Amino acid sequence: MASRVGEAIPLARPVIGDLEIERVLDVLRSGRLSLGPLLAEFERDFAERVGAVHASAVSSGTAGLHLALRAAGVSDGDEVVTSPFSFVASANVVVYERARPVFADIDPVTFNLDPDAAAAAVTERTTALLPVHIFGYPADLGAFERIGLPIVEDACEALGSVDADGVPVGGRGHPAVFGFYANKQIATGEGGMVTTADAGLKERIDSERNQGRAPDMDWLDHDRLGFNYRLTEIACALGLAQLERLDDLLAGRARVAGAYRQALAGIDGVDLPCDDTGRVRRGWFVYVIQLPRGVDRDSTVRALSVRGIPSKPYFPAVHLMSYYREHFGHREGEFPVCEDVAARSIALPFFPEMTESQVEQVAESLRDVLGR
Ligand SMILES: Cc1ncc(COP(=O)(O)O)c(C=O)c1O
């Protein structure tokens, strides 16, 4: 659908078609709305897709990260080294377990947690590393593995990504956590998935997501502390349908990213997302650019909005959020690369069905607002 000049463009939009609608209607007609047959089907198909041995579906990426950290043994007083350039949930889940998120600076090109900085932040209290595949660009897992601590991967933005060793994100064996919020590569409204090569870890996560109940136990029997982190059958139906068309969804996102690269090339001072190198393939999630130094980001976002172009600062540095300042004493200047990147980043409209003329419209507006 071609966009008319001046027509508002959404920031993100899931692709929901007849396939998804039919599958959801089937669930509604079946009367099984939770803990039905689609749960295992979604887990099996998802694991197969990313080359994982096991997968556990959960109610959100945050829930998956929480359970994966618990399964990795993180508890009171522990430290988990992670990225300050992320969605806040990747640090919050550490706090849920009364452990401390220890931030380390990021790589200035990929924006992922820098493995050398992470290694330098390890202490005798560090029980896990939590690298984030930010914006779908795979973190340097080989380097994190050499540090020799348990790893939980935040893959919430990285479905479809392939790492530097040619391994699909989620297929490396560590618990890797995906998210299916409405802006993600596959969208179930809310939802998530934990992949792992460890059968014991899957068993624990399956139990803890379901109020601490083992598969052979009665409904009101519980042998450990648990949560309600279940994924509904409605969400599983959506997930299965989206998984079937994942190649098309990813190709759509890659096409839009390519169009942006062309349309934005040559805007003086604007930095575009880094290119894939070697065997790396980014599973495109968002299109985040860096504004020229010295440009006021908030007024840029406002001026774009007046032209019908939504955009947002993406991401603010986690350590500088008020909760983290107040509870952990963080201040400006601790992670200079992250702070510079976070201060200049804006996410532009990005979704698989975005047309070339919409991309052009965004690029024109940006050029206009920046006066370049
Ligand atoms: C990097 C990152 N981590 C964690 C999450 C949390 O996922 P959810 O919103 O599904 O809980 C998200 C999603 O927004 C994310 O982008």
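In each ligand, atom 1 is the first atom listed, and ligand 1 is the first ligand listed. Since the model is a prediction, treat every value here as computed from it, not as a measurement. Just the heavy atoms: all of them, side chains too, but no hydrogens, waters or symmetry mates, feed the values below.
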ask   = Which of the atoms in ligand 1, numbered in the order shown and given with their element, are less than 4.0 Å from a heavy-atom of Gly61?
value = 7 (O), 8 (P), 10 (O), 11 (O)
request  = Apply salt bridge (Lys or Arg N to Asp or Glu O under 4.0 Å) to Glu157 and Arg282, showing your working.
outcome  = CA-CA 10 Å; Glu157 303 186 348; Arg282 188 199 294 259; over 6 Å; no
request  = From the options Glu190, His66, Lys184, select the one whose nearest heavy atom is closest to atom 13 (C) of ligand 1.
outcome  = Lys184
Ligand 1 N/O within reach of Asp154 N/O, cut-off under 3.5 Å = yes
inquiry  = Before we go on, tell me: are the rings of Phe135 and Phe85 under 6.0 Å apart, centre to centre?
reply    = yes
Pair Phe46 and Phe180, ring centroids less than 6.0 Å apart = yes
inquiry  = Quick check: closest heavy atoms across Leu67 and Val58, and the distance to 0.1 Å?
reply    = CD1-CG1, 4.2 Å
ask   = For the ring pair His66 and Phe227, is the centre-to-centre distance below 6.0 Å?
value = yes
task = Please determine if Arg13 forms a cation-pi arrangement with Phe351, meaning its NZ or CZ atom is less than 6.0 Å from the six-membered ring centre and no more than 45° off the ring axis.
result = yes
query = Hey, mind stepping through Asp221 and Arg213 against salt bridge (Lys or Arg N to Asp or Glu O under 4.0 Å) and telling me if it holds?
reply = CA-CA 6 Å; Asp221 215 354; Arg213 189 181 302 133; over 6 Å; no
query = With a 4.0 Å heavy-atom cut-off (strictly under), which part of Ile134 contacts ligand 1: side chain, backbone, both or neither?
reply = neither
message = Is there a polar contact between ligand 1 and Ala89, counting only N or O atoms under 3.5 Å apart?
response = no
ask   = Mind checking whether Ser90 has an N or O less than 3.5 Å away from an N or O of ligand 1?
value = no
ask   = Do Leu129 and Phe103 share a hydrophobic cluster (ILVMFWY, side-chain heavy atoms under 4.5 Å, transitive)?
value = no
Ser86: numbered ligand 1 atoms lying under 4.0 Å from its heavy atoms = 1 (C)
request  = Please confirm whether Gly192 comes under 4.0 Å of ligand 1, counting heavy atoms of the residue only.
outcome  = no
message = Counting non-hydrogen protein atoms only, what is the nearest one to atom 12 (C) of ligand 1? Give residue, atom name and distance.
response = Phe87 CD2, 3.5 Å
task = Using a strict 4.0 Å cut-off to heavy atoms of Ser60, name the atoms of ligand 1 that fall inside it.
result = 10 (O), 11 (O)
key: Those atoms of ligand 1 less than 4.0 Å from some heavy atom in Val132   = 1 (C)
task = Just jot down the ligand 1 atoms closer than 4.0 angstrom to any heavy atom of Cys156, in number order.
result = 2 (C), 3 (N), 4 (C), 5 (C), 7 (O), 12 (C), 15 (C)
ask   = Can you tell me the protein heavy atom closest to atom 16 (O) of ligand 1 and the distance?
value = Glu157 OE2, 2.6 Å
inquiry  = Before we go on, tell me: are the rings of His319 and Phe328 under 6.0 Å apart, centre to centre?
reply    = no
ask   = Counting from 1, what ligand 1 atoms have a heavy atom of Thr62 closer than 4.0 Å?
value = 6 (C), 7 (O), 8 (P), 11 (O)
